[in-house]
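I have placed the structure first, in the form of structure tokens, so that the comments after it can refer back to it.
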Amino acid sequence: MTLVTPLRAQDIKTRPLTLVALGDSLTAGYGLPADAAFPVQLEAALKAKGQAVTVANAGVSGDTTTGGLDRVEWSVPDGTDGVILELGANDMLRGTDPAVTEKALDAIIAKLKARGIPVLLAGMRAAPNLGPDYGKRFDAIYPKLAERYGLILYPFFLDGVAGDRSLTLADGLHPTRAGVTRVVAGILPSVEAFLTRLRQGP
């Protein structure tokens with residue numbers, strides 16, 4: 001028994017890692033060719049920097065945080081080394097009570113933690129038209145959960161893309177291929193820090 005932990009620790013330092021991007025249409029690649037989706041572009045960017053990693057696409061267009069909670073067990077298979085959790089945009093667009101969103105995200109993280117699967121949390125921000133009270137409550141969800149669970153947090157998944165019509169589709173919400181490239185460039189340092197943490201082991 002004394003040999004198991006050191007061997008497993010050494011294994012994770014050297015073998016290729018498997019990430020799952022668990023999210024909504026922003027992860028799935030809504031309106032884009034398969035090769036333009038966030039997980040594909042992220043994997044390519046990581047490999048270009050010498051990272052041995054695969055990034056599986058577990059994005060479902062239209063998914064809410066409660067939808068993600070319902071499917072987390074089968075969307076994240078055994079053997080997954082880490083999860084990039086990107087959910088909440090659809091809750092916000094529907095005006096869902098932030099308490100409901102927080103509860104669902106908390107439960108997803110807790111389920112993954114119980115399985116020994118670390119999480120990188122990708123945050124979302126409320127649209128201004130929802131009002132300052134809603135915005136304050138919604139925007140606080142992600143930092144609060146990151147602190148509660150000691151997670152690496154990328155504060156705003158659409159940073160540099162939201163509001164830029166040159167980087168979004170005609171709906172003004174979903175990123176183009178170039179928009180996804182911008183998302184990847186923004187989140188890449190956080191993902192690299194996440195991989196470093198994974199390779200350090202528990």
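- Taking the side chain as every heavy atom from C-beta outward, L167 and P175 never approach each other to under 4.5 Å.
- Heavy atoms from other residues, nucleotides or ligands lying under 6.0 Å from OH of Y30 number 12 at most.
- Across S75 and L22, no two heavy atoms sit closer than the pair CB-CD1, 3.9 Å.
- Taking the charged nitrogens against the carboxylate oxygens, R15 and D81 do have a contact shorter than 4.0 Å, which makes a salt bridge.
- No donor-acceptor pair closer than 3.5 Å links the side chain of E43 to the backbone N or O of T54.
- For the pair N57 (side chain) and A21 (backbone), a donor-acceptor distance under 3.5 Å is absent.
- Defined by atom type and a distance below 3.5 Å, a donor-acceptor pair is present between the side-chain atoms of D106 and Y149.
- Residues L153 and L188 are members of one and the same hydrophobic cluster, defined by side-chain heavy-atom contacts under 4.5 angstrom among Ile, Leu, Val, Met, Phe, Trp and Tyr.
- Rounding to the nearest 0.5 Å places CD of E102 at 9.5 Å from CZ of R137.
- Using cut-offs of 30° and 60° for the angle between ring planes, the Y134 and F138 rings count as parallel.
- Counting only N and O atoms by type, the side chains of T181 and Q41 include a donor and acceptor under 3.5 Å apart.
- V100 is not connected to L105 by any chain of hydrophobic side-chain contacts under 4.5 Å among Ile, Leu, Val, Met, Phe, Trp and Tyr, and they are in different clusters.
- Inter-residue side-chain proximity for V119 and K113 is flagged as unmet; no heavy-atom pair is nearer than 4.5 Å.
- Nearest heavy atoms, A162 versus F156: CB-CZ, 3.8 Å.
- Between the side chains of T96 and D91, no donor-acceptor pair is found at a separation under 3.5 Å.
- A salt bridge does not link R182 to D164: none of the charged nitrogens lies less than 4.0 Å from a carboxylate oxygen.
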Start with the C-alpha distance between T168 and L173, add both sets of side-chain angles, then the distance that settles side chain to side chain contact (heavy atoms under 4.5 Å, CB included), and finish with yes or no. CA-CA 6 Å; T168 57; L173 297 172; over 6 Å; no
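- A distance of 8.0 Å separates CD1 in I152 from CG in L198, rounded to the nearest 0.5 Å.
- To the nearest 0.5 Å, atom OG of residue S25 and atom CG of residue N90 are 5.5 Å apart.
- A 4.5 Å side-chain heavy-atom check between P118 and F194 finds at least one atom pair inside the cut-off.
- Distance check: D78 CG to R115 CZ gives 5.0 Å after rounding to the nearest 0.5 Å.
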Given the rule in the side chain to side chain contact (heavy atoms under 4.5 Å, CB included) test, do L26 and L158 qualify, once you have shown the distances and angles that lead to the verdict? CA-CA 9 Å; L26 299 176; L158 292 176; 4.0 Å; yes
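- In the hydrophobic clustering of ILVMFWY residues, with side-chain heavy atoms under 4.5 Å counting as a link, V40 and V55 come out apart.
- Side-chain atoms of D63 and R71, non-hydrogen and from C-beta on, do get closer than 4.5 Å to each other.
- In this structure, CG on L19 lies 7.5 Å from CG on L42, to the nearest 0.5 angstrom.
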Let me see the working for L87 and T64 under side chain to side chain contact (heavy atoms under 4.5 Å, CB included), right down to the final yes or no. CA-CA 6 Å; L87 283 168; T64 61; over 6 Å; no
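- Nearest heavy atoms, S190 versus Y154: OG-CD1, 3.7 Å.
- There is a path of hydrophobic side-chain contacts, each under 4.5 Å, that joins I141 to L130.
- Here the CG atom belonging to L120 is positioned 11.5 Å from the CD atom belonging to E86, to the nearest 0.5 angstrom.
- We find that D159 and R125 are not joined by a salt bridge, their nearest charged nitrogen and carboxylate oxygen being 4.0 Å or further apart.
- The shortest non-hydrogen separation linking A28 to A37 is O-CB, 3.7 Å.
- Within the 4.5 Å cutoff, side-chain heavy atoms of R177 are placed close to those of D35.
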Apply the test side chain to side chain contact (heavy atoms under 4.5 Å, CB included) to residues I109 and R148: give CA-CA distance (whole Å), side-chain angles for both, the deciding distance (0.1 Å), then the verdict. CA-CA 10 Å; I109 296 165; R148 183 179 301 161; over 6 Å; no
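- Closest of all the heavy-atom pairs between P189 and A185 is CD-O, 3.7 Å.
- Taking 4.5 Å as the limit, every side-chain heavy atom of D24 sits out of range of all side-chain heavy atoms of S61.
- Cluster annotation: I84 is not connected to V60 through the hydrophobic network of ILVMFWY side chains, with a link wherever side-chain heavy atoms come within less than 4.5 Å.
- Aromatic pair F157/F38: centroids less than 6.0 angstrom apart.
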